[in-house]
Amino acid sequence: MTIETNKVDKPDFSELVSVFARIGCLSFGGPAGQIALMHRVVVDERRWIREDRYLHALNYCMLLPGPEAQQLATYLGWLLHGVRGGVVAGLLFVLPGFAVIVALSALYAFLSDTSWLEAIFMGLKSAVLAIVIQALWRMSKKSLKGPVSLVFALAAFLALFVFGVAFPLVILIAGIGGYFLVRAPTVGDDVADIVNPRSRKGLRALATVLIWSLIWLLPLFLLVAMSGPQTLTEIFGFFVRIALFSFGGAYAVLSYVAQEAVVTYHWLTPSEMLDGLALAETTPGPLVLVLCFVGFLAAHASPVFAAPVISGLIGAFLTAWAIFVPSFVFIFAGAPFIEDLRRSPKLAGAMAGIGAAIVGVIANLSLWFGLHVLFDDVGRMELFTLKPFVDAGPVWPDWSSLHVFSLVLSVSATIALLKFRLGVVPLLIVAGVAGLAFEAVL
């Protein structure tokens, strides 16, 4: 059985460029906020892609190492305009945030102070929380169809929030469970069929992997051939490894990078790393853009040709290249095969199981994000004394650290968004100004 398709409108290429440039500039709030924003724009407002097709793409991106939101943007662009659409959507999702984080890294290297920025983004994060709540509610209504899918979502949420189960394991179990327990209908096409013919798909995938892998590793070849500075080579080599093994979400990656950058490589001090994490939370784009802050300061501290700022720019660029280019490999090589899964009932069931679990995953991310917006002090409740759960337990706030202004602003933003249907741009502008004004009054 094939689901009846709702009418969708495929954009022309210039419209795709314009919309994803806007998304890239407004993509605050980490993965939860970014997935929510793309869902709002691409599915609800523009109606370019149906809900089930969006979730199918999201399920695949959640399985991959690296920044899932950028991979989702690339997948959506690929669906709409092939490889060039994927390249443009993926780049535009990252470039605004990259420009911001590099500029802030340079300012930080001179001033070592980001308090003025945190004031503005305190308000922005409250508005993003409202966007996340709206998207989670909409996705839940459309994805959780029946008790089985509800159980999958609840189990995924509890596994992550309470027991600290590894994210890839949660997704793997959901896929296996969906394969045997869920009988999802297959899904028809809602955009122009850009998938390559089956007979040539394997060859095209192999060629894609080879070409994009060469593009990805090109800076390393150049650095080695030119006997480039050791620090730049170390930066690129380190973040290439991170890109391949960065499962478990951005926060798992950041904690590992923080340890290696501070303890092993001595690129940053602990306080500098904490400041970088604060910048990542308050700038647009994927959270892993903070790694560009690490690359900038590492190269800035070991300048090439006595030019610290230029060295920092090179370090940030090498870091971004190492982290984000693999996303194009994963999408362009794998997406054609993932699209075929929609036509197999059992494999569609596996993806439906993953899709239901993803609602629980996003709920966990949303709760984590919400607690850190509303409370100044958030720790972890220790519930277990036996391995492997000894370090697990739910994230839990210190209730006395409630930030009343953030609570009031978040509630106000939610009302403005849901009841008065205020647009995303006006919402973020008003919230940012409110945060700056509050800080000025204090």
Hey, mind stepping through Val240 and Trp216 against side chain to side chain contact (heavy atoms under 4.5 Å, CB included) and telling me if it holds? CA-CA 9 Å; Val240 162; Trp216 179 37; 3.6 Å; yes

Applying side chain to side chain contact (heavy atoms under 4.5 Å, CB included) to Leu232 and Ser311, what does each step give before you reach the verdict? CA-CA 9 Å; Leu232 294 180; Ser311 298; 5.8 Å; no

Could you go step by step and tell me if Phe293 and Tyr108 meet the ring pair (Phe, Tyr, Trp, His ring centres under 6.0 Å) rule? CA-CA 10 Å; Phe293 174 84; Tyr108 182 86; 5.3 Å; yes

Do Phe375 and Asp398 pass the side chain to side chain contact (heavy atoms under 4.5 Å, CB included) test, and can you show the C-alpha distance, the side-chain angles, and the key distance before you say yes or no? CA-CA 7 Å; Phe375 294 90; Asp398 177 357; over 6 Å; no

Please lay out, stage by stage, how Leu63 and Ile354 fare under the test side chain to side chain contact (heavy atoms under 4.5 Å, CB included). CA-CA 9 Å; Leu63 296 173; Ile354 294 173; 4.3 Å; yes

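Residues Val19 and Pro11 are not in side-chain contact: their nearest non-hydrogen atoms beyond the backbone lie 4.5 Å or more apart. Side chains of Leu92 and Ile23 form no contact here, defined as non-hydrogen atoms less than 4.5 Å apart. Residues Phe317 and Val102 fail the side-chain proximity criterion, which asks for heavy atoms closer than 4.5 Å. The closest side-chain heavy-atom distance from Phe20 to Val88 is not below 4.5 Å. Counting heavy atoms from C-beta on, the side chains of Ile235 and Tyr265 never come closer than 4.5 Å. Residues Phe221 and Leu214 form a side-chain contact, since some pair of their non-hydrogen atoms from C-beta on lies under 4.5 Å apart. Residues Phe239 and Val257 have side chains in contact (heavy-atom distance under 4.5 Å, counting atoms from C-beta outward). Within the 4.5 Å cutoff, side-chain heavy atoms of Met62 are placed close to those of Ile35.
Residues satisfying the salt bridge (charged side-chain N to carboxylate O under 4.0 Å, His left out) test with Glu234, not counting sequence neighbours, are none. Taking the side chain to side chain contact (heavy atoms under 4.5 Å, CB included) definition, one finds that Ser327 meets it with Pro67, Gln70, Gln71, sequence neighbours left out.
Side-chain contact check for Glu339 and Tyr75: at least one donor-acceptor pair (N or O, by modelled atom type) lies under 3.5 Å.
To the nearest 0.5 Å, the span separating SG on Cys292 from CG on Leu313 amounts to 11.0 Å. Interatomic distance, His81 NE2 to Leu76 CG, rounded to the nearest 0.5 Å: 12.5 Å. Here Phe330 contributes atom CZ and Thr74 contributes atom OG1; the two are 11.5 Å apart, rounded to the nearest 0.5 Å. Put simply, CG on Leu318 and CD1 on Ile314 are 7.5 Å apart, with the number rounded to the nearest 0.5 Å. Taken to the nearest 0.5 Å, the CG atom of Leu217 stands 11.0 Å off from the CG atom of Leu222. Rounding to the nearest 0.5 Å places OG of Ser406 at 9.5 Å from CG of Leu129.
For Thr208 (side chain) and Arg204 (main-chain N/O), a donor-acceptor pair under 3.5 Å exists by modelled atom type. For Trp48 (side chain) and Val43 (main-chain N/O), no donor-acceptor pair under 3.5 Å exists by modelled atom type. Without hydrogens or angle criteria, Trp78 side chain to Ala89 main chain gives no donor-acceptor distance under 3.5 Å. Under the 3.5 Å distance criterion, the side-chain polar atoms of Ser27 are left unmatched by any main-chain donor or acceptor of Pro284. Without hydrogens or angle criteria, His39 side chain to Glu51 main chain gives no donor-acceptor distance under 3.5 Å. Between the side chain of Asn59 and the backbone N or O of Leu55 there is at least one donor-acceptor pair closer than 3.5 Å. Under the 3.5 Å distance criterion, the side-chain polar atoms of Trp396 are left unmatched by any main-chain donor or acceptor of Val378.
Across all non-hydrogen atoms, the minimal contact from Leu417 to Leu422 is CD1-O, 3.4 Å. Nearest heavy atoms, Gly97 versus Leu289: C-CD1, 3.5 Å. Nearest heavy atoms, Asp44 versus Arg47: O-CG, 3.9 Å. Residue Phe98 comes nearest to Ala316 through the heavy atom pair CE1-O, 3.6 Å, listed as atom of the first residue, atom of the second, then distance. Contact detail for Leu297 and Ser105: the closest heavy-atom pair is CD2-O, 4.5 Å. Val209 and Ala333 get closest at one heavy-atom pair: CG2-CB, 3.7 Å.
Annotation for Ile310: atom CD1 does not count as buried by contact number, only 12 or fewer foreign heavy atoms lying within 6.0 Å.
Relative orientation of the His300 and Phe296 rings is parallel, given thresholds of 30° and 60° on the angle between their planes.
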